[in-house]
Amino acid sequence: MFDWLEGLSAKLVFDIFGFQEKSAIGDALHFFIYDTIKIFILLVTIIYLVTLLRSYFPVEKARAYIAGKHKLTGHILASIFGVLTPFCSCSAIPLFLGFLQARIPLGVTFSYLISAPLSDAVVIALLLSLFGWKIALLYVGVGLIIAIVAGLIIGAMKLEKEVLIAVKPVGNIHYQENETLFVHRLKESWEYTADIFKKIYVYVVVGVGIGAFIHGYVPADFIAKYAGGDVWYAPIIAVVMGVPMYSNAAGILPLVEVLTSKGMLLGTALSFMMAVVALSLPEAMILKRVLSLKLIGIFFGVVSFGILMVGYLFNMIL
Amino acid sequence: MKIEILGTGCAKCKSLEEVAKQAVAKFGGFHEVKKVEDIVEIMNYGVMSTPALVIDGVVKSSGKMLSVDEILAFMHNS
């Protein structure tokens, strides 16, 4: 699909700039130019399509749909809607309270709150463009399972009193669809995509830049040989490192791709990506206004454990 | 008219407030623009994604930025 781009980049680096083929610097530069442009094209296209699709699933609609469902069905639906609806961690609080208002159980609410950031549009776009649709699908599937199971566990712990704001239940949750013209959706999705792109492109360039350096200068089995790609504690390190890295997910994924090609196991890579995306300190700070530290701690603990299990499972079977 | 901007203090909420003030200036006459940051008050409107725009107690839009023209259109219709 991108052969033309690869040829173009090779022509530019080796013919026009005159770098020697197979030289480390030439290879790194070629990789950088090719990868950056390829990722930019894919990012914009995929984010745009995902945003457009999600404009049909506002979270208010999801809430009306989940409310009053049987418990297990609720967990499954909430996790799936987490993938389908647009989500911004800045509105995590109204969302959280809005779910409780509709008498949706705490555990089901958490299923949604775990699933939504995991399938962030940028992350899905990057996974598709860097790792292909199989890994992207695997990631989304595993994310759903973690969201369902972690939500079930949190729900079983009876932590309702750890919510710091008294929520008044609302009797009738109904959703009034606002008619939006298709052209408007196209325009709004485009504005949103441009907005996201402006925020992340620098991280992508830096991430690909470091990746290009590793690609050109670090030998292929470096990680496996020196950092121990298959040591038992690799997923633990991946999760611990991933939590504080939230805002840079866009820069980290290109790096992870290069690291897997240099010997990092895929399970470890998945753990790392999920920890970067699902557990963010900024989100914890926001949630602290309505949830007790204990509940936030349990939330992070359960999700970390789930992500860790995924890492071990995939290191074993892939 | 009473125009309320619901938002818990995100960057977009502040810009929506600015845009709303511009829209009111363009519309003419005196209309109150109020920023609502209290989460309980926001919940009472049934809004789950911020920023949201409320005119005379009716939620007109939620979860997105609006342009001056879009807000003007809402004002003309209410």
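Note on naming: letters A, B, ... go to the chains in the order of the sequence lines (proteins, then strands), and numbering restarts at 1 for each one. Computed from heavy atoms alone, side chains included, the values below leave out hydrogens, waters and symmetry copies.
Taking 4.5 Å as the heavy-atom cut-off, the residues of residues 13-43 of chain B that approach chain A are B:I39, B:V40, B:M43, ordered by number. Of all residues spanning residues 49-57 of chain B, those with a heavy atom less than 4.5 Å away from chain A's heavy atoms are B:S49, B:T50, arranged by number.
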TODO: Evaluate side-chain contact (heavy atoms from CB on, under 4.5 Å) for B:M48 paired with A:F96, printing each intermediate quantity in order.
DONE: CA-CA 8 Å; B:M48 288 205 296; A:F96 190 89; over 6 Å; no
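With a 6.0 Å radius and a threshold of 12 heavy atoms from other residues, nucleotides or ligands, A:Y65 has its OH atom at or below the threshold. Counting heavy atoms of neighbouring residues, nucleotides and ligands inside a 6.0 Å radius, atom CZ of A:F40 exceeds 12 of them. Crowding of A:M285 atom CE: a count of heavy atoms from other residues, nucleotides or ligands under 6.0 Å not exceeding 12.
Remark: A:A125 engages A:L43, A:I46, A:I47 in a side-chain contact (heavy atoms from CB on, under 4.5 Å) (not counting sequence neighbours). For A:V83, the side-chain contact (heavy atoms from CB on, under 4.5 Å) partners are A:S115, A:S119, A:V140, A:L144, not counting sequence neighbours.
Looking at A:L97, both its backbone and its side chain come within 4.5 Å of chain B, counting heavy atoms on both sides. With a 4.5 Å cut-off on non-hydrogen atoms, A:F99 touches chain B through its backbone and its side chain both.
Distance CG/B:L66 to CD/A:E188: 8.0 Å, rounded to 0.5 Å.
Put simply, the side chain of B:M65 does not reach to within 4.5 Å of the side chain of A:Y192, judged on heavy atoms.
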